[in-house]
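Please read these numbers as outputs of a predicted model, since none were measured by experiment.
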Amino acid sequence: MHRGWGLRVRIWLLAGLLIGLAAPVRAALDVAVVVSQRDGPHAAFAQAFIRAAAGLGHRVFDAGSPAEGLDDVALARADLVVTSGDAALAAALRLQARPTLAVMIGQSRFESLRQAHPERPLSAFVLDQPLERQFRLLKAVQPDARRAGVLLGPEQGNLAAFEQAATRAGLGLVAQVVGDEGALIRALETVLRDSDSFVAVPDALLSTPSAARSILLTSYRFQKPIVAFSRAYVSAGALAAIFITPEQVAADLIAWLRTQKDDDVQLPPPRGPASFDIAVNRQVARALGLSVADDAELLRLIATGDQP
């Protein structure tokens, strides 16, 4: 009887050893977090990320913000630096050369900073949603739409990418390239005359408060709905928008962090959001005579690419 018990113990020990050998060894990382601001969306991201990363066993350090200064010691010891926002990224790049992953930043601003620091180990999870998702949202809120209008600024010059994304969503594209804000209204009126709706894109020239106000007012005059890229745009009068929340950014980053097996961080290529959320201005929908599906159905249509 004792011999049988001893055999079982040895089998359990051997099984445990084999499982231990088969399981990947995940080393704890030293992660330094730099935020552009101590409040608002950057604070929401940092709180969600720090809590989840610490739960994975990583050592997470608050490395400061541009306004209060950065912690050189925390940055120097970090296996990974995470920056939230373009000001945080710019400040961190001036001080250290550790592997850096930027979040809560637009693609155009990230590319500008990356070009200024080509030698740095740097990547990003940018805020810009894939173009096709935005066009799918348009088709979901306005099923009868056939042609989508868009203005492209200097940072959004890849017209072919917009055409392909619109086509995959079942839409034609009416586009104008705008070189300066003075040409905005004329180009916008041309686009709105020949399209069923307008897609606002996150371009530095076309996203200023004055440009956004002109786009909203002119589209309202033409009675054409706007599909945009932020909840604030919807609150200001756009019909709908697709975007990622700070908490979803943190979740996307944690999902990648789970793939790191040791302290030799392998930065991923720059990528757009895996997650997304939507906002719909139902009052604008009623004013335009549109019957828009509920949010759950819209999310399903965007995720699957089905037609309403």
Taking [X] for its side chain and [Y] for its backbone only, find out whether a donor-acceptor pair lies under 3.5 Å.
| X | Y | value |
| --- | --- | --- |
| Arg147 | Ser195 | no |
| Gln134 | Ala228 | yes |
| Arg98 | Leu80 | no |
| Ser235 | Arg231 | yes |
| Ser36 | Ala88 | yes |

**Residues that Phe135 engages under ring-ring contact (aromatic ring centres under 6.0 Å, His included), provided they are two or more places apart** =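 Phe135: no ring-ring contact (aromatic ring centres under 6.0 Å, His included) contacts found.
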**Item:** Those residues that, when tested against Phe49, pass ring-ring contact (aromatic ring centres under 6.0 Å, His included) (two or more places apart)
**Value:**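 Phe49 satisfies ring-ring contact (aromatic ring centres under 6.0 Å, His included) with Phe45 once adjacent residues are dropped.
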**Prompt:** Members other than Val126 in its cluster, when Ile, Leu, Val, Met, Phe, Trp, Tyr link by side-chain heavy atoms under 4.5 Å?
**Reply:**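 Besides Val126, the hydrophobic cluster comprises Leu89, Leu93, Ile105, Phe110, Leu113, Leu122, listed by chain and residue number.
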**Asked** Which hydrophobic side chains are connected to Val34, either touching it within the sub-4.5 Å cutoff or through other members that do?
**Response**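 Via sub-4.5 Å side-chain contacts, Val34 links to Leu70, Leu75, Val81, Leu95.
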Using side-chain heavy atoms (C-beta onward) and a distance below 4.5 Å, is [X] in contact with [Y]?
| X | Y | result |
| --- | --- | --- |
| Val141 | Val227 | yes |
| Leu206 | Thr208 | no |
| Leu152 | Asp203 | no |
| Leu151 | Phe198 | yes |
| Phe125 | Ile244 | no |
| Gln248 | Asp252 | no |
| Leu101 | Trp256 | yes |
| Glu189 | Arg221 | yes |

Going by the rule salt bridge (charged side-chain N to carboxylate O under 4.0 Å, His left out), which residues pair with [X] if we only count those two or more places apart in sequence or in a different chain?
| X | answer |
| --- | --- |
| Arg94 | none |
| Asp86 | Arg109 |
| Asp62 | Arg38 |
| Arg186 | none |

Can you tell me how far apart [atom1] ([X]) and [atom2] ([Y]) are? Round to the nearest 0.5 Å.
| X | Y | atom1 | atom2 | answer |
| --- | --- | --- | --- | --- |
| Gln142 | Leu171 | CD | CG | 9.0 Å |
| Ser207 | Ile215 | OG | CD1 | 7.5 Å |
| Ser275 | Gln129 | OG | CD | 8.5 Å |
| Asp196 | Lys224 | CG | NZ | 6.5 Å |
| Arg136 | Ile302 | CZ | CD1 | 9.0 Å |
| Asp71 | Ser65 | CG | OG | 11.5 Å |

**Message:** Taking side-chain contact (heavy atoms from CB on, under 4.5 Å) as the criterion, tell me which of Val292, Val199, Leu288 meets it with Pro225.
**Reply:**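 So, applying the side-chain contact (heavy atoms from CB on, under 4.5 Å) to Pro225 and each of Val292, Val199, Leu288, only Leu288 qualifies.
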Between [X] and [Y], which heavy-atom pair has the shortest distance, and what is it?
| X | Y | result |
| --- | --- | --- |
| Leu138 | Ser197 | CD1-OG, 3.1 Å |
| Gln266 | Gln260 | N-OE1, 2.9 Å |
| Ala53 | Ile254 | N-CD1, 3.5 Å |
| Pro202 | Asp128 | CG-OD2, 3.6 Å |
| His58 | Leu29 | ND1-N, 2.9 Å |
| Met104 | Pro41 | CE-CB, 3.7 Å |

**Request:** Output every pair passing side chain to side chain donor-acceptor pair (under 3.5 Å) with a member in residues 112-127, not counting sequence neighbours, ordered by first then second residue.
**Result:**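 Applying side chain to side chain donor-acceptor pair (under 3.5 Å) to every pair that reaches into residues 112-127, excluding sequence neighbours, yields Glu111-Arg114.
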**Message:** Suppose the criterion is side chain to side chain donor-acceptor pair (under 3.5 Å): which pairs have a residue in residues 278-298, not counting sequence neighbours?
**Reply:**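 Those involving residues 278-298 are Arg282-Asp295, Glu297-Arg300.
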Same apolar cluster (I L V M F W Y, side chains within < 4.5 Å links), [X]/[Y]:
| X | Y | value |
| --- | --- | --- |
| Val150 | Val234 | no |
| Leu253 | Phe61 | no |
| Val191 | Phe222 | yes |
| Leu267 | Val33 | yes |
| Leu131 | Leu159 | yes |

**Request:** Not counting sequence neighbours, which residues clear side-chain hydrogen bond (donor to acceptor under 3.5 Å, both in side chains) with Ser214? List them please.
**Result:**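 With neighbours one apart ignored, the set is empty.
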**Partners meeting side-chain hydrogen bond (donor to acceptor under 3.5 Å, both in side chains) with Asp194 (sequence neighbours left out)** =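 Here no residue qualifies.
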**Request:** Determine, stepwise, if the pair Val31 / Ile50 fulfils side-chain contact (heavy atoms from CB on, under 4.5 Å).
**Result:** CA-CA 9 Å; Val31 183; Ile50 290 171; over 6 Å; no
**Asked** Does a side chain donor of either Gln176 or Thr190 reach within less than 3.5 Å of an acceptor in the other side chain?
**Response**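 Thr190 and Gln176 do not have a side-chain donor-acceptor pair below 3.5 Å.
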**Request:** Would you sort out whether Ile226 and Val284 count as a side-chain contact (heavy atoms from CB on, under 4.5 Å), showing the intermediate values?
**Result:** CA-CA 10 Å; Ile226 296 174; Val284 169; over 6 Å; no
**Message:** Before you tell me yes or no, could you show the steps for Thr83 and Val103 under side-chain contact (heavy atoms from CB on, under 4.5 Å), namely the whole-Å CA-CA distance, both residues' side-chain angles and the distance that decides it to 0.1 Å?
**Reply:** CA-CA 6 Å; Thr83 63; Val103 299; over 6 Å; no
**Asked** What do the steps show when you test Tyr233 against Leu216 for side-chain contact (heavy atoms from CB on, under 4.5 Å), and what is the final call?
**Response** CA-CA 9 Å; Tyr233 223 127; Leu216 285 163; 3.9 Å; yes
